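By convention in this document, chain letters (A, B, ...) are assigned in the order of the sequence lines, proteins followed by strands, and residues within each chain are numbered from 1. Because the structure is predicted, anything quoted here is derived from the model rather than measured.
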2 protein chains.
Amino acid sequence: MEYPEAKEKFISTWGSLGTLWGINKAMAQIQALLFISTKPLCMEDIMEDLKISRGNTSMNLRQLMDWGIVTKVLVSGERKEFFTTEKDVQELARIVAKERSRREIKPVIKVLEEVSSIKDDNTEKTRELIKQTKALKDLTDDLDTLMNKLVNQKQNWLTKSVLKFMK
Amino acid sequence: MEYPEAKEKFISTWGSLGTLWGINKAMAQIQALLFISTKPLCMEDIMEDLKISRGNTSMNLRQLMDWGIVTKVLVSGERKEFFTTEKDVQELARIVAKERSRREIKPVIKVLEEVSSIKDDNTEKTRELIKQTKALKDLTDDLDTLMNKLVNQKQNWLTKSVLKFMK
DNA sequence: TTAAACTTTCAATAATTATTGAAAGTTTAA
DNA sequence: TTAAACTTTCAATAATTATTGAAAGTTTAA
């Protein structure tokens, strides 16, 4: 496999993986492109490489900036804007985990909390609802905390030792 | 909040969370309904409760069985089929993690491996591609292993102690 | 200031994904 | 066997989501 094929394969795979970390295809592909680029790219570069429209590029770049994954960089002597992505995978994982937690997991935990704290009227079905949503809430909460903690360790010694210990 | 509202809220929240664990809305809602039901339900029950068609119910039940989350149960004296879901959240998490890993994460790791092992032709862009995809591969691999291990611990002492330690 | 170079917005449309429901298929009781 | 009770399949359609591209908006150099 040569460079162009490898590049294409990486971008399309990462793009389709987008759903897994909760963003859309174009967004993931732009991030992927920036991730393997040796220098900041401008809108034109991205549009051309991924064959997507100007509007699409603009909107998705903005979303990536919202997430805190992509930043504008000024290239001296150039009028237009250039973009780079966070290049350190640890930091990237940290940002993604934090954002997903905030956007999706936390709100779900809140609902589960509300639902599991309804008044127990002693009917079987109410008891089951309370019991099951409470269990789900506890689990979701634990996994969320754990994921954030693990990914937050800059030095990551814990992850490493846990991995070593369990492999 | 009374039972009917709480039930509805739980089902719709869990349904929209479906995407987060990689299944569609109807599938997640069926699972949610079974999860808080005190007894196995038949197709008719599910269709009626969620207001979805027979075909939709049938297809999504089958997918849930494919995942190993829902099982058929025979109710004596009844001709039609009844369904239940795994009621233990730990076990549910274990199944979901395993399936997601197998269906989505493992294939991505494979591609990252291929891409990161292309021949180094000493150009800057090739080097960057190799370096970055390798870093991503290592991270993905670690997180995948970790998640499976954590969720696999039946007794879950590790998760508990890690949580306690870090909170 | 102004006009060229750029970015953003957003209505229209395309692409994708989910859902329906009727027809075909299967199972079981009599 | 057969016909009633059930489940599955799948083409048609609906719903949702992503994308385009032109118009409007903004910035900057001269």
In the structure I gave you, are the side-chain heavy atoms of B:Ile95 and B:Glu91 within less than 4.5 Å of one another anywhere? yes

Should the pair A:Lys125-A:Glu128 be classified as a salt bridge under the 4.0 Å nitrogen-to-oxygen rule? no

Please pick, from D:dC10, C:dT9, C:dC6, the nucleotide with the shortest atom-to-atom distance to any side-chain atom of A:Lys80. C:dC6

Polar side chain donor-acceptor pair, B:Thr85 to B:Gln31, under 3.5 angstrom: yes

Name the nucleic acid region contacted by A:Asn56, choosing base, sugar-phosphate or nothing; use a 4.0 angstrom heavy-atom cut-off, strictly under. base

Reading 5' to 3' and counting Watson-Crick or G-U wobble pairs with both distances under 3.5 Å, write the dot-bracket notation for DNA chain C, | for bases paired outside the strand. ||||||||||||||||||||||||||||||

Which pairs with one or both residues in residues 27-48 of chain B pass salt bridge (charged side-chain N to carboxylate O under 4.0 Å, His left out), sequence neighbours excluded? B:Glu44-B:Arg54

Of B:Ile23 and A:Met43, the one whose closest nucleotide on DNA chain C sits nearer the 5' end is A:Met43

Please compare B:Gly55 and A:Met59 by the position of their nearest nucleotide in DNA chain C and report the one closer to 5'. A:Met59

CD of B:Glu2: more than 12 outside heavy atoms within 6.0 angstrom? no

Going by the salt bridge (charged side-chain N to carboxylate O under 4.0 Å, His left out) test, which pairs reach into residues 59-77 of chain B, not counting sequence neighbours? B:Lys72-B:Glu81

Looking only at C:dT19, C:dT7, D:dT19, the nucleotide nearest the A:Glu81 side chain is C:dT7

In chain order, what residues pass the salt bridge (charged side-chain N to carboxylate O under 4.0 Å, His left out) check against A:Lys110, with sequence neighbours excluded? A:Glu114

Just the rounded figure in Å: distance from C1' of D:dT8 to CG of B:Asp66. 14 Å

Which protein N or O atoms sit under 3.5 Å from an N or O of nucleotides 23-30 of chain D?
unit_1 : atom_1 : unit_2  : atom_2 : d
D:dT27 : O2     : A:Arg79 : NH2    : 2.7

In whole Å, what is the span from the CD atom of A:Gln63 to the P atom of C:dT7? 18 Å

Taking C:dT20, C:dT9, D:dT7 as options, the one with an atom nearest any side-chain atom of B:Ser53 is C:dT20

Dump every N/O contact between nucleotides 13-15 of chain D and the protein below 3.5 Å, one line per pair.
none

Just wondering, do B:Phe10 and A:Leu112 contact through their side chains at under 4.5 Å, heavy atoms? yes

Return yes if some donor-acceptor pair links the side-chain N/O of A:Ser37 with the main-chain N/O of A:Leu33 below 3.5 Å, else return no. no

Rounded to the nearest angstrom, tell me the gap between atom CD in A:Glu44 and atom P in C:dA5. 13 Å

B:Phe83 CZ - D:dT8 C1' separation (whole Å): 11 Å

